Enquirer: 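Could you have a look at this structure, given as structure tokens, before my questions?
A, B, ... follow the sequence lines: proteins, then strands. Residue 1 opens every chain. Here the structure is a predicted model, which is why all the values come from computation and not from measurement.
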Number of protein chains: 2
Amino acid sequence: MSAHALAMHPVSVTPDDRFQAALWSQRAAGGAADWTAELRPGGAVLRFAPDQEIYAEGDEAEKFYKVVSGVVRTCKFLSDGRRQIDAFYRAGDVFGIEASEDYGLTAEAVCDVSVVSYRRSHLDTLAAANPNLSRHLLAYAMSSVAKAQEHSLLLGRRNAIEKVVAFLVDWAAQSTDGAMATLAMTRQDMADYLGLTIETVSRTLSHLEREAIIELPSARQIRLRDPDAMAMMSC
Amino acid sequence: MSAHALAMHPVSVTPDDRFQAALWSQRAAGGAADWTAELRPGGAVLRFAPDQEIYAEGDEAEKFYKVVSGVVRTCKFLSDGRRQIDAFYRAGDVFGIEASEDYGLTAEAVCDVSVVSYRRSHLDTLAAANPNLSRHLLAYAMSSVAKAQEHSLLLGRRNAIEKVVAFLVDWAAQSTDGAMATLAMTRQDMADYLGLTIETVSRTLSHLEREAIIELPSARQIRLRDPDAMAMMSC
DNA sequence: CGATTGCTTGATACCTCTCAACCCAGGTGG
DNA sequence: CCACCTGGGTTGAGAGGTATCAAGCAATCG
């Protein structure tokens with residue numbers, strides 16, 4: 001068993017980490033996500049090891065989070081263990097804001113992750129008095145809806161190739177190099193996000209490589225040979 | 001072509017209809033949706049014929065709507081015509097509130113529909129001054145997110161039988177008689193909501209009837225012989 | 001009535017899943 | 001140092017579920 005998996009609880013970290021987070025907070029997320037600047041972090045930076053749970057579906061939703069570094073996934077499970085990943089969150093993304101008292105999904109670290117947490121109650125009181133924050137919050141919620149709708153279209157009406165291509169284009173678009181997808185997640189994560197099996201994801205990637213649409217320098221490094229053409233494929 | 005399809009534009013209706021809508025507004029929607037009571041309708045009651053478009057993806061989102069009677073669907077299309085229905089809305093439900101300037105989905109009448117419309121700008125100004133309305137609005141948005149996530153789990157990780165059962169249970173649960181699903185939509189609508197084909201939906205319903213799980217007095221009337229057992233099937 | 005629309009059913013194709021073997025890189029421990 | 005183990009990934013063979021193509025039925029409409 002790896003050292004990572006032995007870390008059963010999030011680890012409060014050094015003042016240096018706090019500084020890193022604050023620094024990051026200043027430069028990150030050009031416009032839309034910066035409404036968290038109005039909030040006071042609810043504690044230290046928290047760290048999670050790969051596959052470690054941040055919160056579980058059904059837990060009381062007293063905190064929400066912003067990713068400082070790493071990647072977080074949110075997912076739901078059926079009773080027999082089938083899993084559907086709803087979203088991946090990267091540096092600057094906020095997750096864990098809920099309508100109800102409890103979390104509707106489980107959040108887990110995909111890789112080594114650090115996050116800052118905020119108290120939900122803090123948000124509630126602040127939003128009540130601050131129309132501007134309130135508006136940002138609504139915009140955030142509505143854009144989550146839009147993303148979920150796009151995801152439904154993908155899950156319900158696209159075939160395996162289109163799913164994988166759309167995922168790669170989307171992932172690369174959010175990266176510094178729009179033609180390179182550097183994946184933090186396993187094939188299983190991709191499969192559970194796309195509503196496929198791990199084998200189908202792997203086969204589809206191999207297929208795309210044979211067709212010279214992508215290159216696979218390594219399993220987690222995927223070069224898009226023609227991002228625009230790939231983007232076309234997902235309309 | 002039917003008389004319905006000839007009605008190319010919504011029809012403003014009689015004072016009597018306005019009265020009906022007002023009356024309905026008073027008694028409907030016990031709690032959650034009643035925040036629209038704080039709003040002033042933006043005009044008369046509007047009527048739409050089956051399959052008539054209420055707004056299209058990409059249109060400027062200057063109005064949103066509340067269903068007075070009938071059923072509305074919202075959907076997205078791929079360039080080759082594949083369709084994914086995102087949601088069905090029934091009496092009391094609100095639809096068409098958007099994050100961006102434009103609608104992200106198309107809204108169409110499933111059957112004869114009447115709706116009341118509201119100006120988005122009205123909502124914006126009112127919400128800015130009214131924290132209570134603002135909170136309701138956020139709750140509405142977050143519950144839309146939760147529904148979309150549930151739908152993703154269905155689309156990505158359930159088989160045809162589970163999809164159809166889940167749909168019937170959900171539809172019946174929102175009806176007066178929780179053991180009877182009276183459908184307003186065609187098999188095609190169901191298929192596009194569930195990420196299936198029309199034939200698979202039809203076959204699955206026949207299968208469920210042979211297994212004595214449901215009864216089909218008519219194509220649009222479906223009796224759930226054991227709603228609880230069916231609900232179990234969708235966990 | 002004939003035409004149309006919605007629905008059902010059958011035969012077959014095909015896409016994705018399942019089960020299995022294998023490869024590879026990294027880590028462990030003798 | 002090397003054998004071994006493990007986890008992630010790839011590939012193959014075959015099964016199975018859903019899609020596709022096609023025909024037919026019933027109700028509705030003109």
Enquirer: For the pair made of CE in A/M190 and C1' in D/dG8, what is the distance, rounded to whole Å?
Expert: 13 Å

Enquirer: Among the candidates D/dT10, C/dT16, C/dT8, find the nucleotide nearest to the side-chain atoms of A/N159.
Expert: C/dT16

Enquirer: Please report, rounded to the nearest Å, how far the P atom of C/dT8 is from the CD atom of B/E209.
Expert: 9 Å

Enquirer: For the pair made of CG in A/L208 and C1' in D/dT10, what is the distance, rounded to whole Å?
Expert: 15 Å

Enquirer: Supply the atom-to-atom distance B/F88 CZ to B/M190 CE, rounded to the nearest 0.5 angstrom.
Expert: 8.5 Å

Enquirer: What is the distance, rounded to the nearest whole Å, between atom NE2 of B/H207 and atom P of C/dT8?
Expert: 15 Å

Enquirer: Could you check which residues of residues 217-227 of chain A get a heavy atom under 4.0 Å from DNA chain D? Sort them by number, please.
Expert: A/A219, A/R220

Enquirer: To the nearest Å, how far apart are B/R157 CZ and D/dG17 P?
Expert: 16 Å

Enquirer: As an exercise, state the distance from CZ of A/F77 to CG of A/L105, rounded to the nearest 0.5 Å.
Expert: 10.0 Å

Enquirer: How many whole angstroms separate atom CD of A/Q188 from atom C1' of D/dT10?
Expert: 14 Å

Enquirer: Checking side-chain polar atoms at under 3.5 Å, does B/E57 have a donor or acceptor matched by the opposite partner on B/T106?
Expert: no

Enquirer: Tell me whether B/E215 contacts the main-chain N or O of B/R225 through its side chain, where contact means a donor paired with an acceptor under 3.5 Å.
Expert: no

Enquirer: Quick one: do A/R73 and A/D51 make a salt bridge, cutoff under 4.0 Å?
Expert: yes

Enquirer: Regarding D/dT20, can its base be found pairing with the side chain of B/R203 as donor and acceptor, where the two atoms are less than 3.5 Å apart?
Expert: yes

Enquirer: Does the side chain of B/R90 pick up a donor-acceptor pair with the side chain of B/S69 at under 3.5 Å?
Expert: no

Enquirer: What does A/S206 touch in the nucleic acid at a heavy-atom separation under 4.0 angstrom: a base, only the sugar-phosphate, or nothing?
Expert: sugar-phosphate

Enquirer: Picking from A/F95, A/F64, A/Y65, what satisfies ring pair (Phe, Tyr, Trp, His ring centres under 6.0 Å) with A/Y118?
Expert: A/F64

Enquirer: I want to confirm an ordering. Mapping A/R158 and B/D51 to their closest nucleotides on DNA chain C, which one lands closer to the 5' end?
Expert: B/D51

Enquirer: Atom CZ of A/R210 and atom P of D/dT11: how far apart are they, to the nearest Å?
Expert: 7 Å

Enquirer: Check whether any side-chain N or O of B/R187 sits under 4.0 Å from OP1 or OP2 of C/dT8, and answer yes or no.
Expert: yes

Enquirer: Contacts to DNA chain C from residues 192-200 of chain A, heavy-atom cutoff under 4.0 Å, which residues?
Expert: A/G195, A/L196, A/T197, A/E199, A/T200

Enquirer: How long is the gap from SG on A/C75 to CZ on B/R157, to the nearest 0.5 Å?
Expert: 11.5 Å

Enquirer: Whole angstroms only, please: what is the CG-P distance between A/L216 and D/dG9?
Expert: 12 Å

Enquirer: Heavy atoms under 4.0 Å, any strand shown: does B/S202 hit a base, just sugar-phosphate, or nothing?
Expert: base

Enquirer: Do A/T186 side-chain atoms and A/D189 backbone N/O form a donor-acceptor pair below 3.5 Å?
Expert: yes

